[in-house]
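Here the structure is a predicted model, which means the values were calculated and not measured. Here is the naming used below: chain letters follow the sequence lines, and residue numbers restart at 1 for every chain.
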Amino acid sequence: MTLRLHNTLTKTKDALEDFPGFDRTNVRMYVCGPTVYDYAHIGNARPVIVFDVVFRLLRHLYGAAHVNYVRNITDIDDKINARAAELAAARGSDVEAARAEITAATAGQYLQDVTALGCLPPTHTPRATDYVREMVAMIETLIAAGHAYAAEGHVLYDVSSKPDYGKLARRSLDEMIAGARVDVAPYKKSPMDFVLWKPSDAATPGWPSPWGRGRPGWHIECSAMGAALLGETFDVHGGGIDLVFPHHENEIAQSEGAHQGHPLARIWMHNGFLQVEGEKMSKSLGNFVTINQLLQDWPGEVLRFNMLRSHYRQPMDWTVAGMTESWKTLERWYAIAEPVAGPRVGAAFLAALCDDLNTPQAIAELHRAPEDELAGGLGLLGFSNVQLRIAAKKAVDTTAIADAIAARNEARKAKNFRESDRIRDALLAQGIVLKDGPGGTTWEVKR
RNA sequence: GGCCACGUGGCGGAGUGGUGACGCAGCGGUCUGCAAAACCGUUUACCCCGGUUCAAUUCCGGGCGUGGCCUCCA
């Protein structure tokens with residue numbers, strides 16, 4: 001079964017195995033991770049889940065030991081600095097200490113959230129602050145190669161030095177300059193030149209460099225960390241579609257510029273955007289949903305399943321109705337799959353995933369699959385029933401429920417239906433729904 | 001303003017130049033003291049206007065709508 005993935009660079013479904021130099025014993029994937037200044041929201045959850053499935057699929061195809069997955073944590077950023085400055089001012093403390101505190105707390109929360117979503121830890125989770133030296137070295141290489149220039153404490157990438165700049169976003173320099181709304185700083189040679197390094201004042205976190213105390217620009221960290229952990233060229237690079245330009249375009253410019261033009265990634269994958277109840281998510285509309293809030297009300301696996309019901313490149317609408325439907329499906333499936341002794345991955349299911357990660361198709365295959373293939377498919381997609389179980393047991397006295405069920409069945413046997421219905425209604429009032437099946441009575445927490 | 005993506009039945013959501021995926025809901029039934037659950041069966045579709053074609057939901061052009069990028073953003 002050959003995996004084909006839609007490649008933003010070529011706009012076709014490409015097979016990794018068709019690329020010369022592809023090494024099936026060392027499959028490498030890089031995904032842009034969060035900038036840690038605030039809680040991750042539901043939109044952030046989409047790439048995390050989607051690329052976790054890609055990771056799991058690659059491990060299935062090539063073996064877990066042969067897949068290397070890097071998802072960075074961006075802990076250098078001007079939004080972070082703004083928060084750090086607020087915190088430092090409020091306390092009269094050091095701005096760097098405030099930055100470190102905010103990013104450590106936010107990163108910890110993020111890892112906790114995505115773990116609840118059933119995502120495996122990546123092979124590496126590098127933090128930008130640990131790779132400043134590599135960034136500085138890459139910038140020096142770019143200057144030496146004629147791709148960058150220093151000016152007024154800044155270092156800028158010279159886009160005119162790279163004739164194919166814009167190939168990922170499919171935009172020409174002329175188009176971009178014509179439509180540009182960028183403030184053109186006087187030290188830029190071209191309006192599209194972007195910052196690799198910029199100076200920091202005393203109230204802003206900064207690191208020493210040949211160009212003075214400063215901090216890296218937004219894009220260079222991914223280039224530097226990717227090269228340090230995966231090498232010059234890797235197989236899959238992923239992120240949200242909004243990152244295509246400028247972030248990924250600039251990563252390509254930097255990495256290829258620093259590596260004699262060797263390609264940065266073979267396949268570029270981008271997930272589509274998400275709306276909430278038919279509207280774009282924004283703080284002003286009041287429909288800004290964080291993963292953390294959602295996890296108060298929903299098992300992480302429900303959120304995960306809901307995300308995989310739509311294809312990752314399609315725009316998706318996140319709704320409570322969809323979550324309810326997802327929960328129902330998962331619950332029914334777990335009941336079927338859990339007793340299975342020998343799970344297997346079905347051919348049609350795997351074929352769907354290998355066709356550009358068609359998870360809706362794969363889920364449809366699970367609906368008609370035999371029990372062992374349902375169990376195997378759920379496992380491959382990262383579902384284990386842990387979260388649902390936790391949710392089901394939350395604040396529930398299982399012994400009391402078992403006693404009530406026994407009492408009700410006594411009453412039913414005695415044809416005392418007034419009493420049996422009273423017990424059932426009393427449990428329902430506590431949010432416990434009874435199900436009478438051929439094998440006896442089971443219960444679940446009402447949604 | 002420039003560039004790009006998407007628009008499928010009551011809802012979610014794949015896919016295809018010609019035999020109406022799949023799920024939810026609904027309806028009918030089996031089971032059940034009843035209800036729920038489970039199981040079986042079943043109704044409803046491709047935004048609008050042109051074009052290409054023997055044939056278009058599927059290809060092309062235009063329109064409308066939603067969203068994305070061009071500035072931080074998954």
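Classification of the A:His237-A:His248 ring pair by plane angle, with boundaries at 30° and 60°, yields perpendicular.
For A:His367, the listed nucleotide lying nearest its side chain is B:G23; candidates were B:A25, B:G23, B:U32. Each of B:C34, B:C22, B:A14 was ranked by its minimum atom distance to the side chain of A:Arg424; first place goes to B:C34. Which of B:A36, B:G23, B:C34 sits closest to the side chain of A:Glu325 comes down to B:G23. With B:C69, B:A14, B:G67 as the choices, the nucleotide that has an atom nearest any side-chain atom of A:Asp242 turns out to be B:C69. Listed candidates were B:A74, B:C34, B:A36. Nearest to the side chain of A:Arg408 is B:C34. Nearest to the side chain of A:Arg309, among B:C6, B:C70, B:G12, sits B:G12.
Judged by distance alone with a 3.5 Å cut-off, no donor-acceptor contact links the side chain of A:Asn358 to the base of B:G15.
Pairing for B:A14 is absent, with no Watson-Crick or G-U wobble pair whose two atom distances lie under 3.5 Å. Remark: B:C59 base-pairs with B:G51. Criterion, Watson-Crick or G-U wobble with two distances under 3.5 Å. Searching all strands for a Watson-Crick or G-U wobble partner of B:U19 with both distances below 3.5 Å returns nothing. Across all strands shown, B:G26 forms a Watson-Crick or G-U wobble pair with B:U42, both key distances being under 3.5 Å. When Watson-Crick and G-U wobble pairs are counted only if both distances are under 3.5 Å, B:G67 pairs with B:C4.
In this structure, the aromatic ring of A:Phe273 is positioned over the six-membered ring of the base of B:A74, centres within 5.5 Å and planes within 30°.
Heavy atoms of A:Gly43 sit under 4.0 angstrom from at least one base atom. Residue A:Leu243 is in sugar-phosphate contact alone, with no base atom involved, counting any heavy-atom pair closer than 4.0 Å across all strands shown.
Two residues, A:Ile363 and A:Arg46, neighbour RNA chain B, and the one matched to the more 5' nucleotide by heavy-atom proximity is A:Ile363. Residue whose closest nucleotide on RNA chain B sits further toward the 5' end, between A:Thr329 and A:Asp436: A:Thr329.
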Apply side-chain hydrogen bond (donor to acceptor under 3.5 Å, both in side chains) to residues A:Tyr110 and A:Asn44 and explain how you reach the verdict.
CA-CA 10 Å; A:Tyr110 175 83; A:Asn44 297 302; over 6 Å; no
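A cation-pi contact, defined as under 6.0 Å to the ring centre and within 45° of the axis, is absent between A:Arg28 and A:Tyr30.
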